[in-house]
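Step one of this worksheet: look at the structure below.
Along the sequence shown, residues carry numbers from 1. None of these values were measured; they are calculated from a predicted model.
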Amino acid sequence: MFARPVSLQARLMAAVIGFVSLILVVVAIITSATLGKTLEDRLQEQLNGTAATTKSVVTSQANRMLPLGGTFTAASALADYKVQGIDLLLMIVPPGMSASGVVVTPDSRREISGADILTITAALRDANSATVSLPDFGSYRLTVSRTDNGVVVVTGLSRADVQRTMTMLFTVIALATLGGLLLLALTTALTISMGLRPLRAVAATATRVAGQPLDRGEVSITERVPDYEADPRTEVGRVGAALNTLLDHVDSSLAARQRNEERMRRFVADASHELRTPLASIRGYSELSLKAIRQAEQADADQSARTLENTTSALERIQAQSLRMTRLVEDLLLLARLDEGRELVSREVDLAQLAVEALADAQPTAPDHAWELDVPEEPVMLMGDAGRLHQVLANLLANARTHTPAGTTITLSLAIESGTAELRVHDDGPGIDPQVRDELFARFARGDASRARQTGGTGLGLAIAKAIVEGHGGTIDVTSAPGDTTFTVRLPLETAPQQTVPEEFPPPPPPAPPAQ
């Protein structure tokens, strides 16, 4: 059977109480020893004074009685001696006589037995002072002296008062220690309980979070350790603050995961939609062509000619839809490779020349727009992929042309700002809906009605442009208001693209135009 685990609070209480108990025991021992030594010293001083008195009394009595040849005992030596407030033991050994002893109290006189005399004699054999315990009289402190006439005098005082004082002292210390420990235990329990309260709040918060379903759907972790339990100025409070920081990070990570999942689902849905239309067209036209060919085998010459013409038209549509699918798949493949840091060829590029060529290519596609170019006369050189950078400008110019009405002025400009090349594509068209501006560079993004597509594009152009620019270590952003829309590409002039491939792997050629 396993032992029940001990809580942290119980361990702390046991440690504190044990440590304080040890201190109290040490203090009690030192106090008792000091007080006991003091009482014993006082008793010894009192005994020395009493011994001087008894020696004088015994000397006087011995001088009077010994010459008469009578028996001289301790009782007769103290016949006229009155004690006040003490228990006096007197034992004498006259020359040539047996030892005798008597215990005198304020209320009685009792002679001591021969066994007690032997006990006293044994205790004082090698010392002038000793402590003995007599069965009938208790404990006594003794001292020995000798009179001028040769009588050995043993004087003793009872240690009953010292023992009572020490017993009372031990009782008081024990009771005070016990009460102090009980009070200490209560105070420690309350203090530790209050000190560990933030940890209980942390545990409760963690338990509530653990009970939430975090493996599916949209998740938002709102549980937090209360601020008053997460004070970073205390050690325990820092645990709560750290948990809150962790929960904030997990919450933002889960939100990002949910956004990525939603973006992936939307991406799959958009890609499926884009591929479904050309696939349906290819299937329909191929079935129509096969049917027309079978009919032509049984028809006359005129009908065969018409069938051939319809079949040719169907095959041209199949080719056009195939090219559309090819462009979509190639765009998706390009995005995937750019995400992996591939598809960029590092070589020296003149951005000014690249801008001139991109605008020249875009002008014939929209003669109803006004095109303007503003680039420096001297070359603007950087390390980059000329083909992919040309694709960025082509996508931005095509985007401006497609989503603006006839008569719109489109301006392509190039400038140098603090070691960074800035390419701007500006138009004075209707602008971009603010609701779609944040998702403008997402894959399969669509503009609003003011920029509705007329060409049936895939919505990957700006996403590709963003991936290429970031692959070169640059940034792309957009600002838009009615009559003033600007896409800005910033490229570092001294930074090569993050990944390069050898020159023998040039970028893929643009797809062939559909057959007319």
Side-chain angles (χ1 to χ4, degrees), residues 327 329-363 365 371-401 410-427 440-443 445 458-479 485-511:
R327 287 193 296 270
V329 172
E330 287 178 349
D331 287 345
L332 293 175
L333 180 60
L334 174 61
L335 283 172
R337 289 178 174 176
L338 288 173
D339 289 342
E340 296 175 357
R342 300 165 57 189
E343 288 296 319
L344 295 180
V345 179
S346 179
R347 60 166 65 93
E348 198 171 40
V349 180
D350 183 1
L351 283 182
Q353 182 64 29
L354 205 65
V356 173
E357 294 175 356
L359 190 69
D361 293 340
Q363 280 180 323
T365 61
W371 299 88
E372 296 183 359
L373 180 66
D374 181 13
V375 298
E377 295 182 0
E378 64 278 2
V380 178
M381 308 302 296
L382 57 74
M383 295 298 295
D385 189 319
R388 294 306 179 195
L389 291 176
H390 184 278
Q391 186 176 1
V392 171
L393 293 178
N395 286 350
L396 293 178
L397 293 172
N399 184 73
R401 177 201 69 215
I410 300 175
T411 303
L412 174 60
S413 61
L414 172 63
I416 306 299
E417 298 288 344
S418 302
T420 301
E422 292 190 359
L423 286 163
R424 297 186 183 90
V425 177
H426 174 270
D427 69 71
L440 200 59
F441 294 99
R443 298 170 188 186
T458 61
L460 295 176
L462 293 179
I464 292 174
K466 182 175 185 293
I468 293 173
V469 171
E470 291 179 348
H472 284 79
T475 60
I476 182 172
D477 56 51
V478 60
T479 59
T485 298
T486 303
F487 285 84
T488 304
V489 175
R490 296 178 177 86
L491 297 171
L493 293 178
E494 298 179 358
T495 303
Q498 297 176 355
Q499 298 288 338
T500 62
V501 297
E503 291 291 338
E504 57 265 31
F505 296 101

To the nearest 0.5 Å, tell me how far [X] [atom1] sits from [Y] [atom2].
X: M381; Y: Q353; atom1: CE; atom2: CD; result: 10.0 Å
X: L351; Y: L493; atom1: CG; atom2: CG; result: 7.5 Å
X: L462; Y: L396; atom1: CG; atom2: CG; result: 6.5 Å
X: L423; Y: L354; atom1: CG; atom2: CG; result: 8.0 Å
X: R347; Y: D385; atom1: CZ; atom2: CG; result: 6.5 Å

Partners meeting side chain to side chain donor-acceptor pair (under 3.5 Å) with D374 (sequence neighbours left out)
none
By side chain to side chain donor-acceptor pair (under 3.5 Å) - contacts of D361 (at least two apart)
H390
Going by side chain to side chain contact (heavy atoms under 4.5 Å, CB included), name the residues that satisfy it together with [X], two or more places apart in sequence or in a different chain.
X: T486; result: R424, H426, T479, D484, T488
X: V478; result: I432, R437, L440, F441, T485, F487
X: E377; result: none

If you compare all heavy atoms of [X] against all heavy atoms of [Y], which two are closest, and at what distance to 0.1 Å?
X: A400; Y: D427; result: CB-OD2, 4.0 Å
X: N395; Y: A465; result: ND2-N, 4.4 Å
X: I468; Y: Q391; result: CD1-OE1, 3.8 Å
X: A421; Y: L414; result: CB-CD1, 4.3 Å
X: H472; Y: L491; result: CB-CD2, 3.9 Å
X: V469; Y: I476; result: CG1-N, 4.2 Å

Residues at least two apart in sequence or cross-chain that pass salt bridge (Lys or Arg N to Asp or Glu O under 4.0 Å) with D477, listed by chain then number, are R490
